[in-house]
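Just so we're clear, the structure is a prediction, and the values are computed from it rather than from any experiment. Both backbone and side-chain heavy atoms feed into the values below; hydrogens, waters and symmetry mates do not. Below, chain A is the first sequence line, B the second, and so on; all start at residue 1.
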There are 4 protein chains.
Amino acid sequence: MNGLDVQTLQRRLAAFAAARDWEQYHTPKNLAAALSVEASELVEIFQWLTPEQSAQVMEVPETAHRVTDEVADVLAYLLQFCEVLGIDALAALAEKIDRNEARFPVPKPPESQDRHSSE
Amino acid sequence: MNGLDVQTLQRRLAAFAAARDWEQYHTPKNLAAALSVEASELVEIFQWLTPEQSAQVMEVPETAHRVTDEVADVLAYLLQFCEVLGIDALAALAEKIDRNEARFPVPKPPESQDRHSSE
Amino acid sequence: MNGLDVQTLQRRLAAFAAARDWEQYHTPKNLAAALSVEASELVEIFQWLTPEQSAQVMEVPETAHRVTDEVADVLAYLLQFCEVLGIDALAALAEKIDRNEARFPVPKPPESQDRHSSE
Amino acid sequence: MNGLDVQTLQRRLAAFAAARDWEQYHTPKNLAAALSVEASELVEIFQWLTPEQSAQVMEVPETAHRVTDEVADVLAYLLQFCEVLGIDALAALAEKIDRNEARFPVPKPPESQDRHSSE
């Protein structure tokens with residue numbers, strides 16, 4: 001499991017781009033566009049599938065490979081975007097979850113309300 | 001820095017959806033669409049900016065907040081997508097970087113080639 | 001029905017942008033990004049709907065208005081993109097349909113094959 | 001120039017899908033997704049280009065063909081989307097331009113204001 005944390009992968013991606021002199025292309029604007037292009041390539045796999053079929057894509061090895069590959073591409077561009085703008089993606093998500101937990105409170109389940117009101 | 005690893009965040013997102021009975025909406029097809037919609041909201045911030053302006057978006061606090069928020073949304077849907085399909089996003093990216101390092105070898109810098117040819 | 005042809009609308013859009021000095025923003029790259037952002041806003045309306053619900057969006061006036069508005073935005077950016085690059089969108093589509101008719105021949109219906117084979 | 005109006009092309013697309021029994025896949029949700037995928041394929045052509053390079057894509061025949069082809073695909077899915085939901089794309093755009101002309105009034109050019117104030 002060496003190397004399987006976000007910071008290490010983000011550093012590998014930065015070194016990869018630097019070694020190939022690709023940093024000139026990696027403006028935030030271009031990386032956001034590339035991210036959305038990869039996200040759409042993921043959508044393309046599912047575009048004509050029913051909801052049920054979409055839940056079974058990992059059962060066909062070729063499709064599973066394609067889906068996994070697009071996930072890697074999306075994450076790669078997201079981390080490269082964060083790298084050039086100095087954004088901590090994990091901290092951003094943790095804060096967002098905190099805010100969403102306040103914004104969308106868990107509804108009380110109906111049966112416990114019934115039980116409560118009959119007491 | 002507790003909780004700031006991908007697995008923990010992915011589990012928090014899964015618990016968040018389960019508690020609100022939102023899992024019914026979280027087909028891989030729908031999550032891929034939601035991911036691409038959030039990626040496009042990131043693109044929208046940059047769509048009329050020059051490359052130079054795009055590199056300065058974090059200097060305006062309001063824009064910085066908006067960009068960070070969209071990064072969180074993209075990562076949230078990517079991890080929820082991976083959750084429902086059982087994909088390890090970090091492993092997928094590590095493998096992709098390995099493959100890309102083989103596919104795009106680092107060009108030898110011209111001066112070292114010169115030095116070599118003069119030996 | 002005056003003005004309801006593509007060329008007239010494309011000219012109105014070009015005059016609109018010129019009068020507001022917006023042409024400086026309308027690089028093909030930016031217009032393609034804006035087009036994809038508007039297409040994603042259309043996707044957003046449908047992202048959590050079942051296929052059946054998605055077929056009924058025009059029955060709710062507010063949603064119908066939103067869908068129609070996004071269609072207008074997508075077409076607007078598509079025509080502005082075509083304007084700056086000198087592309088005839090209708091001719092491009094007519095040629096594409098011609099090619100697709102050759103590429104995807106209509107399968108003979110099974111019953112006519114049955115009828116034929118029993119003769 | 002026969003056939004080069006939107007209604008005729010929209011009818012050809014509808015007949016094309018019906019003849020191949022593809023209507024079952026053409027839910028509004030799927031067509032919106034397909035539209036956004038094609039728009040992203042257009043973005044992909046431009047993603048690493050500078051604004052200046054993006055203005056010259058039609059000078060390379062192969063790229064010009066690719067751009068034109070993606071324009072056709074975007075328009076095809078937009079018209080098929082409009083077909084299944086009964087939306088008149090040209091009327092929607094004409095109304096949108098009317099609204100935008102009211103919403104974004106043309107600024108008076110500075111020199112005419114100067115001239116006026118000196119009278």
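Within a 6.0 Å sphere centred on OH of D:Y25, heavy atoms belonging to other residues, nucleotides or ligands number 12 at most.
Across D:T50, D:L13, D:V84, the residue that shares the most heavy-atom pairs under 4.5 angstrom with chain C is D:L13. The residue among D:P51, D:P105, D:A55 with the most heavy atom pairs within less than 4.5 Å of chain C is D:A55. For chain C, the option among D:V57, D:D73, D:L79 with the highest count of heavy-atom pairs below 4.5 Å is D:D73. Options C:R99, C:Q53, C:E38 differ in how many heavy-atom pairs under 4.5 Å they form with chain D, and the most are formed by C:R99. Listed options D:N30, D:T68, D:I45 were ranked by heavy-atom pairs under 4.5 angstrom with chain C; first place goes to D:T68.
Contact of D:L85 with chain C is made through backbone and side chain together, with heavy-atom distances under 4.5 Å. If you measure heavy-atom distances from D:D69 to chain C, the contacts under 4.5 Å come from both the backbone and the side chain. With a 4.5 angstrom heavy-atom cutoff, D:F81 touches chain C only via side-chain atoms. In this structure, no portion of D:D21 lies under 4.5 Å from any heavy atom of chain C. In this structure, no portion of D:L31 lies under 4.5 Å from any heavy atom of chain C. In this structure, the portion of D:W48 lying under 4.5 Å from any heavy atom of chain C is its backbone and not its side chain. Residue D:V106 touches chain C through both its backbone and its side chain, counting heavy-atom pairs closer than 4.5 Å. Contacts of D:L78 with chain C are made by side-chain atoms alone, with heavy-atom separations under 4.5 Å and no backbone atom involved. With a 4.5 Å cut-off on non-hydrogen atoms, D:E70 does not touch chain C at all. Proximity to chain D (any heavy atom under 4.5 Å) is restricted, for C:Q47, to the backbone atoms N, CA, C and O. Using a 4.5 Å cut-off between heavy atoms, C:I87 touches chain D through its side chain atoms alone. Of the two parts of D:H26, neither the backbone nor the side chain holds a non-hydrogen atom closer than 4.5 Å to a non-hydrogen atom of chain C. In this structure, chain C has heavy atoms under 4.5 Å from both the backbone and the side chain of D:K29. Looking at D:V37, neither its backbone nor its side chain comes within 4.5 Å of chain C, counting heavy atoms on both sides.
Nearest heavy-atom pair, C:A92 versus D:A72, reported as atom, atom and distance to 0.1 Å: O-CB, 3.5 Å. Residue D:P107 comes nearest to C:A19 through the heavy atom pair CD-O, 4.3 Å, listed as atom of the first residue, atom of the second, then distance. Scanning all heavy atoms of the two residues, the minimum distance from D:V43 to C:A32 falls at CG2-O, 3.4 Å. What you find for D:C82 and C:V71 is that their closest heavy atoms are SG-CG1, 3.6 Å. Taking both residues in full, the closest heavy atoms of D:L35 and C:A39 are given as CG-CB, 4.2 Å, listed atom of the first, atom of the second, then distance. Here the closest heavy-atom approach between residue D:P28 and residue C:S54 is recorded as CG-O, 3.2 Å.
The NZ atom of C:K96 sits 14.0 Å away from atom CG of D:L9, with the distance rounded to the nearest 0.5 Å. In this structure, the separation between CZ on C:F16 and CG on D:N100 is 4.5 Å, given to the nearest 0.5 Å.
Between C:T27 and D:F46 there is no side-chain heavy-atom pair separated by less than 4.5 Å. Between D:D5 and C:D5, the closest side-chain pair of non-hydrogen atoms is not below 4.5 Å. Side-chain contact check for D:D98 versus C:R12: some heavy-atom pair is nearer than 4.5 Å. Residues C:L75 and D:L90 have side chains in contact (heavy-atom distance under 4.5 Å, counting atoms from C-beta outward).
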